[in-house]
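Residues take their numbers from the sequence shown, with the count starting at 1.
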Amino acid sequence: MKAAALFVVALLAGCVTPDVVPNDVVRDLAPTGKLRAAINFGNPVLAQKDPATGQARGVSVDLAREVARRADVPLELVPYDAAGKVTGDATSNRWDIAFVGREPERAKDIEFTAPYVIIEGGYLVPANSPLQTIEDVDREGVRIAVSRRSAYDLFLSRGYLKRATLIRAPTPPASMEQFANTHPGYRVLPGRFMVIEQAMALPRGRPLAARYLREFVDEMKASGFVAAALDRSGQKDAAVAP
């Protein structure tokens, strides 16, 4: 029996850096004189547009603003609609910092901090689908829709799937729980097939900036900054990385 198409979506799963960043670190962080932060609005757990004002908000936006404030440089938000497009620009000098999942393939061009948020990947299926568990999904005739070059795509492409087929879309769908809650014809399979470590990132070759951001992320988690940012943006079920 041929199973209906599936949609892979994200379900969010919590040393003190100087408040004034040294000049040599600032030059490494923002060599153009402004901090260009890549923001993936395709992942509503991490970034959103305020429905009333249109202003950018979310944990990744708050972290970018805090880095720029400490470095005393202007902040430019560089918008994207998919993580794969962010990482695709890692060597194009379009951004200085980014917020993407830690993935071995991405590490060729990108240096990562420790994760600040954990995201769980699961499956959304039509309500009448015969699929009941995560293990049921990998079978002949099942089509799994993913965002091209997303962490889900990279993970599932590394041999996790043996029989199911990936259908790649240009951008990610809405978050699993949000979509399921507003589309009664769908349901979420219990469990998860992967965990994404969402981290801050920067292009390779900036060692001072990389060290600063690693310490910065540790402080932001320990101080409660990340948890508060998630709460302000309505992500109450999100998990701050350990």
- Item | Test log, rule side chain to side chain contact (heavy atoms under 4.5 Å, CB included), inputs Arg139 and Leu131 | CA-CA 10 Å; Arg139 62 168 66 171; Leu131 304 175; 3.8 Å; yes
Quick check: does any side chain N or O of [X] sit under 3.5 Å from a backbone N or O of [Y], one acting as donor and the other as acceptor?
X      : Y      : answer
Ser233 : Leu230 : yes
Arg187 : Ala127 : yes
Arg106 : Gly101 : yes
Asp136 : Thr133 : yes

- Would you please test Leu63 and Phe216 for side chain to side chain contact (heavy atoms under 4.5 Å, CB included) and show each step? CA-CA 9 Å; Leu63 288 169; Phe216 173 81; 3.9 Å; yes
Note, [X] side chain near [Y] side chain (heavy atom, < 4.5 Å):
X      : Y      : value
Asp109 : Thr87  : no
Pro74  : Leu35  : no
Asp72  : Val21  : no
Ile118 : Glu197 : yes
Ile39  : Pro79  : no
Val73  : Lys34  : no
Met200 : Ile97  : yes
Leu29  : Val67  : yes

- Got a sec, which residues hit side-chain contact (heavy atoms from CB on, under 4.5 Å) with Thr165, two or more places apart in sequence or on another chain? Ile167
- Run the numbers on Lys85 and Asp89 for salt bridge (Lys or Arg N to Asp or Glu O under 4.0 Å), then give the verdict. CA-CA 7 Å; Lys85 296 179 181 180; Asp89 277 346; over 6 Å; no
Using a strict threshold of under 4.0 Å (side-chain N to carboxylate O), is an ion pair present between [Y] and [X]?
X      : Y      : answer
Asp62  : Arg57  : no
Glu103 : Lys108 : no
Arg168 : Asp153 : yes
Asp138 : Lys162 : no
Glu76  : Arg36  : no
Glu111 : Arg214 : yes

- Message: Ring centres under 6.0 Å, that's the criterion: do Tyr80 and Phe41 meet it?
- Response: no
Minimum heavy-atom distance between [X] and [Y], given as atom pair plus value:
X      : Y      : answer
Val61  : Ala47  : CG2-CB, 4.3 Å
Ala98  : Val86  : CB-CG1, 3.8 Å
Thr113 : Arg102 : O-NH1, 2.5 Å
Asp96  : Pro203 : O-CD, 3.4 Å
Phe112 : Val100 : CE2-CG2, 3.7 Å
Lys221 : Ala241 : CD-O, 3.5 Å

- Query: Between Tyr116 and Phe99, how do the two ring planes meet: parallel, tilted or perpendicular, split at 30° and 60°?
  - Reply: perpendicular
- Query: What distance separates Phe155 CZ from Leu161 CG, expressed to the nearest 0.5 Å?
  - Reply: 8.5 Å
- Rounded to the nearest 0.5 Å, the CE atom of Met194 sits from the OH atom of Tyr160 at a distance of 9.5 Å
Shared ILVMFWY cluster between [X] and [Y], side chains joined below 4.5 angstrom?
X      : Y      : result
Val78  : Leu202 : no
Trp95  : Leu208 : no
Val195 : Leu154 : no
Val217 : Ile110 : no
Ile144 : Leu189 : yes

- Taking atom CG of Asp50 as the centre, does the number of heavy atoms from other residues, nucleotides or ligands within less than 6.0 Å exceed 12? yes
- Task: May I have the step-by-step check of side chain to side chain contact (heavy atoms under 4.5 Å, CB included) for Gln48 and Gln55, ending in yes or no?
- Result: CA-CA 8 Å; Gln48 317 93 36; Gln55 294 296 308; over 6 Å; no
- Message: Does Gln198 form a side chain to side chain contact (heavy atoms under 4.5 Å, CB included) with Leu46? I'd like the steps, not just the answer.
- Response: CA-CA 9 Å; Gln198 194 71 30; Leu46 304 179; 3.1 Å; yes
